[in-house]
Amino acid sequence: MQVVFKVIRQKPNETPRVEKYNLDVEPGNTILECLNRIKWELDGSLAFRKNCRNTICGSCGMRINGRSALACKENVGNEIKKQQEISGSKIPEIIVAPMGNMPVIKDLVVDMKDFWDSLEAVDPYVSTKSRKIPEREFLQTPQERSRLEQTGNCILCGACYSECNAVQVNSDFVGPHALAKAQRMLADSRDDNTDNRLEKYNQGTEGAWGCTRCYLCNAVCPMEVQPMDRISEIKQKILPLKKAKDSRSIRHRKVLIDLVKQGGWIDERKFGLFVLGNYFRDLKGLLNIAPLGLRMLAKGKFPTSFEPSEGTAEVRSLIESVKESQK
Ligand code: SF4
Ligand code: SF4
Ligand code: FES
């Protein structure tokens with residue numbers, strides 16, 4: 001069948017352009033096989049990364065029809081089916097673009113420096129610092145080893161990082177791949193650095209609390225690492241810590257739940273004062289939000305009253321039920 005491949009091509013500091021390539025392909029061909037044919041038969045200047053061709057090395061991450069994926073995993077038939085379901089288009093076409101959140105070097109090749117640096121930032125090595133190094137390897141029980149299986153499947157392809165909303169707006173956030181690895185370290189029975197790790201992953205919005213829970217990393221991960229779920233596991237480990245209790249991120253979560261319980265939705269006025277102002281105890285925090293409050297007042301956008309929602313009792317009982325079920 002004839003398929004039009006629309007490839008978004010670009011060099012650094014140049015405006016991206018769309019290049020079209022017509023190919024006669026089979027539905028079972030992978031996108032990577034098609035890109036190889038474009039390069040070998042039609043245009044040798046097209047740049048993309050590849051290696052194993054078998055969903056192992058993580059090299060061929062790119063955006064295929066708008067979502068980050070591995071070119072060697074996705075095939076023409078499925079892509080066309082999805083495209084037609086969305087657009088109703090009769091002309092089979094597949095759009096291939098570079099991954100997001102990383103600058104383009106050329107065409108589909110992106111600069112992954114920030115991706116690797118943020119992985120390094122979570123200290124992704126098993127610590128044996130304070131242990132007596134045994135003569136032989138550390139043994140793990142099958143149960144201990146099984147806790148590492150899901151996160152161990154990560155092939156560092158960058159698909160989750162490419163889609164992450166939090167990375168897009170917060171350059172300090174380490175990203176889903178790094179936090180999935182962080183959770184792998186916390187789960188490892190050989191690692192003895194848990195307290196330091198939790199303190200680190202609890203910092204501001206760099207670590208676990210920077211995630212906005214948009215779910216995109218879970219949706220695109222080709223290896224089912226489900227990074228967002230791994231981030232939730234880190235948060236569950238942080239929450240009971242005495243030292244962490246007074247951090248702004250944890251207060252954010254607590255105030256949000258308390259206010260929703262009180263009024264069914266969030267009273268934004270109290271939210272700012274309680275979270276940033278730490279219930280009027282943090283003068284610096286209060287001074288930081290004062291200009292915003294004054295600007296809102298001047299523009300008539302500062303709510304003077306708060307009406308609880310009609311379903312407050314129902315919301316409250318839902319929250320209580322969830323809490324009960326978690327005991
Ligand atoms: S977590 Fe999944 S999407 Fe993210 S880098 Fe690892 S394998 Fe790729
Ligand atoms: S769920 Fe969190 S980590 Fe995953 S893509 Fe969304 S913001 Fe990023
Ligand atoms: S080429 Fe190795 S994962 Fe696609």
Side-chain angles (χ1 to χ4, degrees), residues 29-37 39 46-64 66-76 79 96 98-102 108-110 112-122 124 148-185 187 201 203-236 238 249 252-253:
N29 286 147
T30 64
I31 305 302
L32 182 58
E33 285 168 340
C34 301
L35 289 173
N36 277 337
R37 279 193 50 209
K39 190 169 177 72
L46 180 65
F48 53 94
R49 287 195 178 108
K50 59 172 179 178
N51 193 351
C52 69
R53 297 177 296 165
N54 210 15
T55 327
I56 295 169
C57 72
S59 306
C60 65
M62 56 187 73
R63 273 192 171 139
I64 302 167
R67 58 175 216 298
S68 299
L70 296 176
C72 68
K73 188 173 186 214
E74 308 304 324
N75 70 41
V76 169
E79 288 307 318
V96 186
M99 287 196 289
N101 287 333
M102 289 167 271
L108 305 172
V109 179
V110 291
M112 297 181 77
K113 183 178 183 306
D114 288 350
F115 174 86
W116 298 119
D117 285 351
S118 53
L119 180 67
E120 190 69 30
V122 300
L148 312 180
E149 267 159 25
Q150 192 170 17
T151 44
N153 283 341
C154 173
I155 55 172
L156 295 168
C157 65
C160 55
Y161 191 83
S162 160
E163 295 299 323
C164 179
N165 286 310
V167 168
Q168 196 175 358
V169 295
N170 174 11
S171 56
D172 291 335
F173 180 53
V174 292
H177 67 303
L179 289 167
K181 185 67 81 182
Q183 166 56 13
R184 185 228 175 278
M185 293 301 138
Y201 308 154
Q203 295 293 314
T205 55
E206 295 161 37
W209 305 104
C211 165
T212 60
R213 297 184 60 80
C214 70
Y215 200 78
L216 285 174
C217 54
N218 275 14
V220 298
C221 176
M223 304 308 290
E224 296 182 17
V225 174
Q226 297 183 303
M228 191 188 80
D229 296 0
R230 306 292 75 79
I231 295 171
S232 297
E233 287 167 4
I234 297 177
K235 288 177 181 170
Q236 292 307 323
I238 291 172
S249 309
H252 183 282
R253 181 185 171 110

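All values derive from a computational prediction rather than experimental measurement. As the structure lists them, so they are numbered: ligands from 1, and atoms in each ligand from 1. Side chains included, hydrogens not; waters and symmetry mates left out as well; all remaining heavy atoms used. Position 1 is the first residue of the sequence; numbering continues from there.
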S.K.: Taking 4.0 angstrom as the limit and counting only heavy atoms of Ile231, give me the atoms of ligand 2 inside it, by number and element.
M.R.: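 Answer for ligand 2: 3 (S).
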S.K.: Are the side chains of Val167 and Asp114 in touch, meaning some heavy atoms are under 4.5 Å apart?
M.R.: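 Heavy-atom side-chain distance check fails, nothing below 4.5 Å.
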S.K.: Do Glu224 and Asn153 have side-chain heavy atoms sitting under 4.5 Å apart?
M.R.: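 With C-beta onward as the side chain, the pair stays apart.
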S.K.: Salt bridge between Glu163 and Arg63, side-chain N to carboxylate O under 4.0 Å?
M.R.: yes
S.K.: Under 2.8 Å from atom 4 (Fe) of ligand 1, protein N/O/S atom count?
M.R.: 1
S.K.: Report, in ascending order of atom number, the atoms of ligand 2 lying under 4.0 Å from any heavy atom of Ala166.
M.R.: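 That gives atoms 7 (S) of ligand 2.
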S.K.: Specify whether Phe115 and Tyr161 have parallel, tilted or perpendicular ring planes, treating 30° as the upper limit for parallel and 60° as the lower limit for perpendicular.
M.R.: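 Rings of Phe115 and Tyr161: perpendicular, as their planes differ by over 60°.
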S.K.: Can you list everything that forms a ring pair (Phe, Tyr, Trp, His ring centres under 6.0 Å) with Tyr201? Sequence neighbours excluded, please.
M.R.: none
S.K.: Any heavy-atom pair between the side chains of Arg230 and Arg184 that's under 4.5 Å?
M.R.: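 Arg184 vs Arg230: side chains apart.
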S.K.: Output the set of protein residues with a heavy-atom contact under 4.0 Å to ligand 3, ordered first by chain identifier and then by residue number.
M.R.: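 Contacts of ligand 3 under 4.0 Å: Asn51, Cys52, Arg53, Thr55, Ile56, Cys57, Gly58, Cys60, Cys72.
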S.K.: Which bit of Glu163 gets closer than 4.0 Å to ligand 2, counting heavy atoms only: side chain, backbone, both or neither?
M.R.: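 Neither part.
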S.K.: Could you measure the distance from the CD1 atom of Ile31 to the CG atom of Asn75? Nearest 0.5 Å is fine.
M.R.: 7.0 Å
S.K.: Please check if any side-chain donor atom of Ser232 sits under 3.5 Å from a side-chain acceptor atom of Arg213, or the reverse.
M.R.: yes
S.K.: Name the option, out of Val167, Val174, Thr212, Leu179, that contains the heavy atom nearest to atom 7 (S) of ligand 2.
M.R.: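 Answer by nearest heavy atom: Thr212.
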S.K.: So if I count the atoms of ligand 2 from 1 in the order they appear, which ones are less than 4.0 Å from some heavy atom of Tyr215?
M.R.: 1 (S), 6 (Fe)
S.K.: For atom 2 (Fe) of ligand 2, find the nearest protein heavy atom and state the residue, atom name and distance (0.1 Å precision).
M.R.: Cys211 SG, 2.3 Å
S.K.: Give, for atom NZ of Lys73 and atom CE of Met223, the distance between the pair rounded to the nearest 0.5 Å.
M.R.: 7.0 Å
S.K.: Mind checking what makes ring pair (Phe, Tyr, Trp, His ring centres under 6.0 Å) contact with Phe173, not counting sequence neighbours?
M.R.: none
S.K.: In the protein, which heavy atom is nearest to atom 8 (Fe) of ligand 2, and how far is it?
M.R.: Cys164 SG, 2.3 Å
S.K.: What residue and atom, counting heavy atoms only, is the protein's closest point to atom 6 (Fe) of ligand 2, and at what distance?
M.R.: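 So the nearest neighbour among protein heavy atoms is Cys214 SG, 2.3 Å.
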S.K.: If we only count heavy atoms from C-beta on, is the Ile238 to Trp209 side-chain gap below 4.5 Å?
M.R.: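 The answer is yes; the side chains approach within 4.5 Å.
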S.K.: Taking only heavy atoms of Met228 into account, list the atoms of ligand 2 that are under 4.0 Å away from them.
M.R.: 1 (S)
S.K.: Check Cys72 against Asn54 and note the closest heavy-atom contact, atom names and distance.
M.R.: SG-N, 3.8 Å
S.K.: What are the atoms of ligand 1, with element, lying closer than 4.0 Å to any heavy atom of Pro222?
M.R.: 3 (S)
S.K.: Under a plain distance cut-off of 3.5 Å, with no hydrogens placed, do Asn165 and Thr212 share a side-chain donor-acceptor pair?
M.R.: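 Side chains of Thr212 and Asn165: no pair found under 3.5 Å.
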S.K.: Is the count of non-hydrogen atoms from other residues, nucleotides or ligands lying under 6.0 Å from Arg53 atom CZ greater than 12?
M.R.: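 No - once you tally the heavy atoms of other residues, nucleotides and ligands closer than 6.0 Å, there are 12 at most.
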